[in-house]
Amino acid sequence: MDQSLEKTDFIRDTIKKDYREGKFKKLHTRFPPEPNGYLHIGHAKAICLNFELAAEFGGQCNLRFDDTNPSKEESAYVNSIKKDIHWLGFSWGNREYYASDYFQKLYDFALDLIHKSKAYVCDLDADQIRQYRGTLTQPGQDSPYRKRSVEENLQLFENMRQGKYPDGAKVLRAKIDMASPNLNMRDPVMYRIMHQSHHRTGKQWCIYPTYDWAHGQSDSIEKITHSICTLEFEDHRPLYDWFLDQLDIHHPRQIEFARLNLTHMVTSKRMLKTLVEQNYVHGWDDPRMPTLSGMRRRGYPPQAIRNFCQAIGVAKSESTIEIEYLEHFVRQELNRKASRVMGVLDPLKVVIENYPQGESEQLDAVNNPEDPSAGKRKVPFSRVLYIERGDFMEDPPKKFYRLAPGREVRLRYAYFIKCIGVEKDSRGNITSLRCTYDPATKGGDAPDRRKVKATLHWVSAPHAVNADIRIYDTLFSRQGPGQDEDFMDSLNPQSLTVNNRCQLEPSLAAAKPGQIFQFERVGYFYVDDDSSDQRLVLNRTATLKDQWARIKKRKNSTKS
RNA sequence: UGGGGAGUAGUCUAGUGGCAGGACAUGCGGCUCUGGACCGUAGGGCGGAGGUUCGAAUCCUCCCUCCCCAGCCA
């Protein structure tokens, strides 16, 4: 690989170093989601990292569900997670694992620690354990049960497993150091009693391992070489290492990186759950959600998300990426792939007065100028058309070079038209435009080489189809929702508006759910599953970049 | 205040003692039958103070700011 193009970051550096030092032969990573919610864009960063690392170094990446807490986990989440990872374009072969697959092995490992006098059964309740733990600045105290004999611990632990105690009565703890400055080392809990049915093991167990006890050992069982996780687990690394060392089993290296944050978004599972459960959005796959299923339904191509994840890189400093950066990759991908069509969101009627009444014709339109193989299609033209209301101004300011009285513009793939009159209602609102067309400009070129400043999209009124277009904006109006206020307070009341006035070219009548189009000069639109033969429903994926909108915005802000 | 991390343009990120580079965003220009795309161009940065060195984003010292940890969550 070209040295200058080779990706580099601290994780890859570490892996290369480990490889040079012969610490492993084949890289093995894993993506370990807990099946207690839907995957979001933050997970995508971890998924891409783990799977791409494996691919780059000729290794493998496992999918492992971290299902150690039956009170929160459901198989419905398992399915959505698998679907989303596949959608992103990654596969884990037959290496679909569950921490719950290892419950027996973990139990045996625990026995081993008890035998080594490195773990004990503790009768303190949750409150008492907290008190004994000490504080950030004060050391903890040994549990009164810390000195139990190996035999007693073995018996008690067996009893725990047999279901002889109620929830919370006892726990199994590692025997490390109650005075450690790292709170995670102050005799952390390994097992808790939960008489709770598990989505995979059913009623087989009533004691469940904690994250700290399950994670490293699961990594080890799967012969993971590099266990990549987020920064908040940095404090846990000494414990991760301690368990593996005491057990003297395969020892992966844990590496921590900074999680992904995006402006105008939240990714905390608690907050996302609240949004769904209190119906602020229409489900986990609402196109405003930062979930992968939401983005899929919004029309974001998976490749755009992967490109984005590559571009943002991986580091240890906490960062918040502007949502515009993600949108850039969405547009980049869609620009190459999406078929162009014409659709008018805010219609203004135009009558071509010199075009024969009752007639129409079919004009050639290019489907995708970025992709000649996409071919051409026909669009009907007639005497009565719709153009975008915003494409006309009666009294245009300097930098506005679209249609205005007396002005000539081109209708894309059609003709030059000139505005010769404006019709208004009694309140002075413009109801329609009177125009003439130049038959010699058919197709969009003038034989006399004269130029026009603007090209407008349009739709023939008698041929137009209608639809519901869901116009999405960011779910939150603040850049960092929930940072200085309750996150619900910065919900954007404008995050969804439905437009049913639109007029679209007739080819859209055949659009099928899952298809995505560029409405020329407007944006990208994805055909939603809610569409039926009776009613087309489109989600606006993203707008096109719009120079005029920016000029307008700047003018308004300098005025005020 | 114990421990663990992090500070490079508006936002990400590269750099590992030798010209601070790239992407997004922004401005300007070009091109164009999408004010899209594309091409070109400009502005703007090493948290601070000392020190070592011919030379410091990089090494040393001190300081400042931010994040994480006191779940039987992950």
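Each chain gets a letter, A, B and so on, in the order its sequence line appears, and its residues count up from 1. The model shown is predicted, which means the values in this text are computed figures rather than measured ones.
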Quote, to the nearest angstrom, the [atom1] distance that separates [N] from [M].
N: B:rG48; M: B:rG40; atom1: P; result: 34 Å
N: B:rG55; M: B:rG17; atom1: C1'; result: 8 Å
N: B:rU16; M: B:rU58; atom1: P; result: 12 Å

Nucleotide [N], atom [atom2] - distance to [atom1] of [X] in whole Å:
X: A:K45; N: B:rC12; atom1: NZ; atom2: P; value: 11 Å
X: A:R550; N: B:rA25; atom1: CZ; atom2: P; value: 8 Å
X: A:F392; N: B:rG35; atom1: CZ; atom2: C1'; value: 18 Å
X: A:Y208; N: B:rG71; atom1: OH; atom2: P; value: 23 Å

Polar pair under 3.5 Å, donor/acceptor by atom type, side chain [X], base [N]:
X: A:D235; N: B:rG3; answer: yes
X: A:R521; N: B:rG35; answer: no
X: A:Q547; N: B:rG36; answer: no

What nucleic acid atoms does [X] come within less than 4.0 Å of, heavy atoms only: base, sugar-phosphate, or nothing?
X: A:T320; answer: sugar-phosphate
X: A:L239; answer: nothing
X: A:D445; answer: base
X: A:R410; answer: base
X: A:N335; answer: base
X: A:F329; answer: nothing
X: A:I551; answer: base

Query raised in the report: Looking at A:Y98, is A:R200 sitting on its ring face, NZ or CZ under 6.0 Å from the six-membered ring centre and within 45 degrees of the normal?
Result: yes

Query raised in the report: Could A:R410 and A:Y415 be counted as a cation-pi pair, given that NZ or CZ must be under 6.0 Å from the ring centre and within 45° of the axis?
Result: no

In terms of side-chain heavy atoms of [X], which of [options] is nearest?
X: A:I129; options: B:rG35, B:rA74, B:rC72; answer: B:rC72
X: A:R133; options: B:rC12, B:rG71, B:rA74; answer: B:rG71
X: A:T137; options: B:rG2, B:rA74, B:rG36; answer: B:rG2

In the structure I gave you, are the side-chain heavy atoms of [X] and [Y] within less than 4.5 Å of one another anywhere?
X: A:M190; Y: A:P209; result: no
X: A:Y524; Y: A:R540; result: no
X: A:P188; Y: A:H236; result: no

Query raised in the report: Mapping A:L456 and A:D212 to their closest nucleotides on RNA chain B, which lands nearer the 5' end?
Result: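 Counting from the 5' end, the first nearest nucleotide belongs to A:L456.
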
Query raised in the report: Within the pair A:S317 and B:rC12, is there a side-chain N or O less than 4.0 Å away from OP1 or OP2?
Result: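 Checking A:S317 against B:rC12: no side-chain N or O falls below 4.0 Å of OP1 or OP2.
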
Query raised in the report: Looking only at side-chain N and O atoms, does A:R554 come under 4.0 Å of OP1 or OP2 in B:rG27?
Result: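 So the side-chain polar atoms of A:R554 do come within 4.0 Å of the phosphate oxygens OP1 or OP2 of B:rG27, strictly under.
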
Query raised in the report: What class does the angle between the rings of A:Y208 and A:H198 fall in, given that below 30° is parallel, 30 to 60° is tilted and above 60° is perpendicular?
Result: parallel

